[in-house]
Chemist: 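Following this message is one structure expressed as structure tokens.
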There are 2 protein chains.
Amino acid sequence: MDRPALIVDNDDTAAPDLGALDGIVGFHIRLAHGAVYRHFSETFTGLDMTQKQVSVLWLVGDHPGIAQIALGGRLRMDRATTMTIVNRLQERGYLRRERSSSDGRKQSLFLTPLGESALEEAKACIESHETWLKSRFTPAEIEKLVEMLSRIHD
Amino acid sequence: MDRPALIVDNDDTAAPDLGALDGIVGFHIRLAHGAVYRHFSETFTGLDMTQKQVSVLWLVGDHPGIAQIALGGRLRMDRATTMTIVNRLQERGYLRRERSSSDGRKQSLFLTPLGESALEEAKACIESHETWLKSRFTPAEIEKLVEMLSRIHD
DNA sequence: CCGAATTGTATGCTTTACTAACAAATAGGC
DNA sequence: GCCTATTTGTTAGTAAAGCATACAATTCGG
């Protein structure tokens, strides 16, 4: 009697029965992340940028001249990952590199005019995306949620 | 005066100054997900399984004979993605496919004995991982967090 | 019975993330 | 000032995960 031999076919296709997995916090974070990511991609196909690319553009816009290492630090990416994303955005003409005048090892990053308009468009998209996301919470809940998520990522 | 020309070098490498990005809920979800994923991978290198693979193993253990389509539905994966993960776990000898007796289109999935012991080990790992994650919250907060995350992923 | 839908499968592409190695520049100890 | 260690960027390779598309087998519905 080590396994329920009766249950050979399991056809409850759509039921959200997750069993003990439902009690795992990390599992819910992953599912929620996936749902947000999917909504972002599905809704803004015309934008043709990922969340990550928008984040990078956004940070460079807020901190003109920021170095790649600082960028990666804020978004929790290592140097190699930061490289590939910056490369893509540069190839698209959204940002440019410039040798830092104060530290020859660093690259200063700047938005191009094209990048600035792309960022502006992206911010409008994110706003409607955020509205969709926040619609299921009260302002107090949103504050609490962000505060709790911050405790996780520091 | 359309850009702050003074700020050419931006050397605040470690500061968590995210500016307006800090107000974006989706951004915090992504960061939190990344932190959880990273802790999982770093802590359980010996396990050599990803969160996703463990989730699949776990669900098959809870629902012996489950079809791939049902598995994917619960974990919000499409058929192709489910395939690659099931393939990997099958190659490793953790689960086996069997034609469903009630529906010839479906494959019934079962854990092998090896898969069952791997799942057992993985569950122990997840427990300590969850302890790390939950350590920053009260039980009431955890309940609230999971409930809010569930509202996002339905 | 026949067309439509479902399920699995195979292929190819993209993004993200990591490691390891290397070069150039800087920083620190002496 | 000199030498070593560290930092930063870069390149190359690997892997997981996700998506789209196409196809075959099976089942379902009228």
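Protein chains get the first letters and strands the later ones, always in sequence-line order, with residue 1 at the start of each.
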Chemist: Does a side-chain N-to-carboxylate-O contact under 4.0 Å join A/R92 and A/D48?
Modeler: yes

Chemist: Please determine if A/R151 and B/E141 form a salt bridge, counting it only when a charged side-chain N lies under 4.0 Å from a carboxylate O.
Modeler: yes

Chemist: CE of B/M77 versus C1' of D/dA20: gap in Å, rounded?
Modeler: 17 Å

Chemist: Which residues, if any, of residues 32-54 of chain A bring a heavy atom under 4.0 Å of DNA chain C?
Modeler: A/T50, A/K52, A/Q53

Chemist: Give a yes-or-no answer on whether the side chains of A/R79 and A/Q68 include a donor-acceptor pair shorter than 3.5 Å.
Modeler: no

Chemist: Could you write nucleotides 21-30 of chain D as a row of B, S and -, 5' to 3', where a protein heavy atom under 4.0 Å of any base atom gives B, of only sugar-phosphate atoms gives S, and otherwise -?
Modeler: -----BS---

Chemist: Roughly, in whole Å, what's the span from CD in A/Q68 to P in D/dT8?
Modeler: 11 Å

Chemist: Nearest to the side chain of B/Q107, heavy atoms from C-beta on, is which of C/dG8, D/dT10, D/dG9?
Modeler: C/dG8

Chemist: If I take atom CD1 in residue A/I69 and atom P in nucleotide D/dT8, what distance separates them, rounded to the nearest angstrom?
Modeler: 5 Å

Chemist: Round to a whole Å and report the spacing from CZ of B/R76 to P of D/dC19.
Modeler: 12 Å

Chemist: Side-chain donor-acceptor pair under 3.5 Å between B/R30 and A/H153, yes or no?
Modeler: no

Chemist: Regarding A/R30, tell me which of base, sugar-phosphate or nothing describes its non-hydrogen contacts under 4.0 Å with the strands shown.
Modeler: nothing

Chemist: Any chance CD of A/E143 has more than 12 other-residue heavy atoms, nucleotides or ligands included, within less than 6.0 Å?
Modeler: no

Chemist: Please check: side-chain N/O of B/E42 versus main-chain N/O of B/H39, any donor-acceptor pairing under 3.5 Å?
Modeler: no

Chemist: Please figure out whether A/R88 or A/D78 has its closest DNA chain C nucleotide nearer the 5' end.
Modeler: A/R88

Chemist: To the nearest Å, give me how far apart CD (B/E91) and P (D/dA16) are.
Modeler: 10 Å

Chemist: Anything under 30° is parallel, anything over 60° is perpendicular, the rest tilted; go ahead and classify A/W132 against A/H129.
Modeler: parallel

Chemist: Checking contacts here: which listed nucleotide (C/dA17, D/dC19, D/dG9) is nearest the side-chain heavy atoms of A/K106?
Modeler: D/dG9

Chemist: Grab the CE-P distance between A/M83 and C/dA21 for me, whole Å please.
Modeler: 19 Å

Chemist: In whole angstrom, what separates B/L95's CG from C/dG8's P?
Modeler: 13 Å

Chemist: For the side chain of A/A67, starting at C-beta, report the closest nucleotide among C/dT9, D/dA17, D/dG9.
Modeler: D/dG9

Chemist: Should B/E130 and B/K123 count as an ion pair when the cut-off is N to O under 4.0 Å?
Modeler: no

Chemist: How long is the line joining CG of B/N87 and C1' of D/dG18, in whole Å?
Modeler: 15 Å

Chemist: Would you kindly compare A/T84 and B/I85 by the position of their nearest DNA chain D nucleotide and give the one closer to the 5′ end?
Modeler: A/T84

Chemist: I'd like to know if the side chain of A/N87 pairs up with that of A/T84 as donor and acceptor (distance under 3.5 Å, no hydrogens or angles considered).
Modeler: no

